[in-house]
Structure formats: structure tokens, C-alpha cells
Amino acid sequence: MVRIWYMADPVENQFVENYASQPAEFLTAEQLKQRTRVSCLQVEVNEAKQDEILNAIPDAQKCNYRDVIEVCPEKMGDNFDAKLKIFFHEHLHADDEVRFILDGSGYFDVRDAADDRWIRIAVERGDLIVLPAGIYHRFTTDERKSIKAMRLFVGEPVWTPHNRDEDGDKEPARKYYLEHFTESGSLWILTNGAKAMKSK
């Protein structure tokens, strides 16, 4: 099950908890969603019935493309450090980022929409996380440096990250995320609204 807390900024070692304070300021999944629109669910890992299980979850059901990625030195070899450096650079995507953790563990860091503080989300086997399009975030493994995750997309996957700079701030998905953050509605509406803006 996910653990969520405000984290220190900057950090010297990305692979550890990096609590912003002692004692740590933890958040619930509901507080995380209110402050960022990020959703976290606990899902059974069952290879024989995985599609059936995921298709019962609205945020996963809409995703018609799925693949599996393993982030670890054994699978990535000499590219591991370079890939992790890219993942840990603050960025956003034009689509929802939906990840289902099959094994291992790691951290997703997202920005609190109210004050821009970093929030760290520790994920492990059985966690499903949905980061809405337009949210600035980053990812790293923890000290074990091994995670296996299913990536889920609506339509053809788009891997392009938009780093946090003036160009990233101009992305339609970013503008839509900020403008509609306080509106009610599902993450599906948020994402497809951004796609509609992009197509204009």
C-alpha cells in the first residue's frame, strides 16, 4: 500500500525517504488526490487474471494499450543510470501516466498544486497510480534499485516528457491541469479535455 509524505527539497540522495520534517508529515490517499488529483489504488497482482482485474477498474479499463517495463541494472545494463536520470528530471506528459506495480518498489514525486512543495509517493507490488496529464512529477527507484511495472495508455503511447521550463508551462495539458484543477470530474475528463485542447 502506498505511503505518502512531504519531502525535502533539494535532496542529496534520491533513493531514500527524504522526509521534509521530523516527525514526517504524512498524507492519506484522499488528501493526495485533493491536493494533486493523483489517484492511488491497491490492486491484486494475479498474472492469470490480470486483465480481468484491471478491466474492473475505471481508470485502467479505458486503457487499451499495456506493456511492462523493468527498471533495474540487470535489465537495463549500462543504460540504467542514464535512464534513471531522465526519469528523475522534473517533467510532465500530455496524457495520464497510469502505472501498476507488479514487483519491486520506488518513488513517484509530485507537486502540491497549492504551494508547489514536493510530495513523495512510495509504491510497491499491487499499487496502481494515476498521474493526471499536465502534472509535474518525477520517478526514481528506492535503494533496492529494482521495480517492475505495467504501463497503461489510452490509444497509442506517447513517451515524450516535457521538462519543467517555459516550454513545459506552455503545454496545453499543463494549462488545462491548472485551469480545471478545482473543478469536479474524473481524471478521464481531465486527460481528454487536454487532448481536445491540443487538437485545436
Side-chain angles (χ1 to χ4, degrees), residues 1-7 14 27-43 54 57-63 65-69 71 83-84 86-102 104-114 116-124 126-142 147-155 157-164 168-169 171-183 185-195 197-198:
M1 182 175 292
V2 295
R3 294 180 299 116
I4 308 157
W5 61 88
Y6 282 105
M7 69 178 297
Q14 71 193 55
L27 302 175
T28 65
E30 184 58 33
Q31 288 172 324
L32 175 70
K33 189 169 184 178
Q34 290 172 353
R35 299 178 192 193
T36 64
R37 298 195 78 165
V38 173
S39 292
C40 299
L41 301 170
Q42 186 73 18
V43 180
L54 290 172
I57 302 169
D59 280 323
Q61 184 182 50
K62 67 178 186 281
C63 300
Y65 177 95
R66 299 170 184 176
D67 71 4
V68 173
I69 183 172
V71 180
K83 279 289 187 182
L84 211 56
I86 293 172
F87 295 157
F88 198 63
H89 193 95
E90 187 175 1
H91 62 280
L92 61 82
H93 297 289
D95 299 287
D96 284 351
E97 183 165 335
V98 185
R99 299 292 183 267
F100 176 44
I101 312 305
L102 300 171
S105 51
Y107 300 120
F108 284 93
D109 301 334
V110 299
R111 293 285 191 178
D112 187 317
D116 215 37
R117 285 196 293 167
W118 278 117
I119 297 173
R120 173 151 279 193
I121 308 162
V123 295
E124 60 186 11
D127 291 329
L128 187 145
I129 184 169
V130 183
L131 281 68
I135 188 172
Y136 280 119
H137 64 283
R138 63 192 183 190
F139 169 79
T140 183
T141 64
D142 58 19
I147 192 167
K148 180 179 181 180
M150 180 182 294
R151 303 182 291 188
L152 300 94
F153 294 89
V154 177
V158 178
W159 308 105
T160 307
H162 302 281
N163 292 335
R164 185 162 194 177
D169 289 341
E171 281 295 310
R174 180 62 181 171
K175 294 179 180 179
Y176 197 87
Y177 174 79
L178 295 175
E179 290 170 1
H180 297 265
F181 183 85
T182 57
E183 293 187 3
S186 69
L187 293 174
W188 186 91
I189 294 173
L190 180 71
T191 300
N192 286 273
K195 286 182 176 179
M197 287 181 62
K198 191 172 182 180

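- Checking each of Val98, Val68, Asp67 against Arg151 for a side chain to side chain contact (heavy atoms under 4.5 Å, CB included) leaves exactly one that passes, namely Asp67.
- Within the model, atoms CD of Glu97 and CG of Leu152 stand 11.0 Å from one another, a figure rounded to the nearest 0.5 Å.
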Go through Val130 and Leu41 one step at a time and tell me if the side-chain contact (heavy atoms from CB on, under 4.5 Å) criterion holds.
CA-CA 9 Å; Val130 183; Leu41 301 170; over 6 Å; no

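- Counting heavy atoms from C-beta on, the side chains of Leu54 and Arg66 come closer than 4.5 Å.
- Side-chain N or O atoms of Arg111 include one that pairs as donor or acceptor with a backbone N or O of Asp116 at under 3.5 Å.
- With hydrogens and angles disregarded, no donor-acceptor distance shorter than 3.5 Å links the side chain of His93 to the backbone of His162.
- No side-chain heavy atom of Val154 sits less than 4.5 Å from a side-chain heavy atom of Asp96.
- Closest approach of Cys40 to Ile121, counting heavy atoms only: SG-CG2, 4.2 Å.
- Heavy-atom minimum distance, Pro132 versus Val38: CD-CG2, 3.9 Å.
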Might you work through the ring-ring contact (aromatic ring centres under 6.0 Å, His included) test for His137 and His91, ending with a clear yes or no?
CA-CA 6 Å; His137 64 283; His91 62 280; 4.3 Å; yes

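- Residues meeting the salt bridge (Lys or Arg N to Asp or Glu O under 4.0 Å) test with Glu124, sequence neighbours left out: none.
- There is a side-chain donor-acceptor pair under 3.5 Å between Tyr6 and Asp112.
- Cation-pi check for Arg120 over Tyr107 is met; the charged atom lies under 6.0 angstrom from the ring centroid and within 45 degrees of its normal.
- Taking CE from Met150 and CD1 from Ile101, the interatomic distance works out to 10.5 Å, rounded to the nearest 0.5 Å.
- Nearest heavy-atom pair, Tyr177 versus Ile135, reported as atom, atom and distance to 0.1 Å: OH-CD1, 3.5 Å.
- The shortest non-hydrogen separation linking Ala173 to Ala94 is CB-CA, 3.8 Å.
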Give the intermediate values and the outcome of side-chain contact (heavy atoms from CB on, under 4.5 Å) for residues Val2 and Leu32.
CA-CA 11 Å; Val2 295; Leu32 175 70; over 6 Å; no

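- A donor-acceptor pair is defined here as one N or O able to donate and one able to accept, closer than 3.5 Å; such a pair exists between the side chain of Tyr136 and the backbone of Asp169.
- Among residues two or more places apart in sequence or in another chain, the ring-ring contact (aromatic ring centres under 6.0 Å, His included) test is passed with Phe100 by none.
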Which is it for Ile4 and Gln31 under the side-chain contact (heavy atoms from CB on, under 4.5 Å) test, yes or no, and what are the steps along the way?
CA-CA 10 Å; Ile4 308 157; Gln31 288 172 324; over 6 Å; no

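- What you find for Ala60 and Leu128 is that their closest heavy atoms are CB-CD1, 4.3 Å.
- Summarising the geometry, atom NZ belonging to Lys62 is positioned 4.0 Å from atom CG belonging to Asp59; distances are rounded to the nearest 0.5 Å.
- Atom CZ of Arg35 sits about 5.0 Å away from atom CG of Leu27, to the nearest 0.5 Å.
- Separating the CZ atom in Phe108 from the CD1 atom in Ile119 is a distance of 14.5 Å, to the nearest 0.5 Å.
- A search for ring-ring contact (aromatic ring centres under 6.0 Å, His included) contacts involving Phe153 returns Tyr65, Trp159, not counting sequence neighbours.
- Rounded to the nearest 0.5 angstrom, Ser39 OG and Ile129 CD1 are separated by 9.0 Å.
- Looking at every heavy atom in both residues, Gln42 comes nearest to Met1 through OE1-CA, 3.2 Å.
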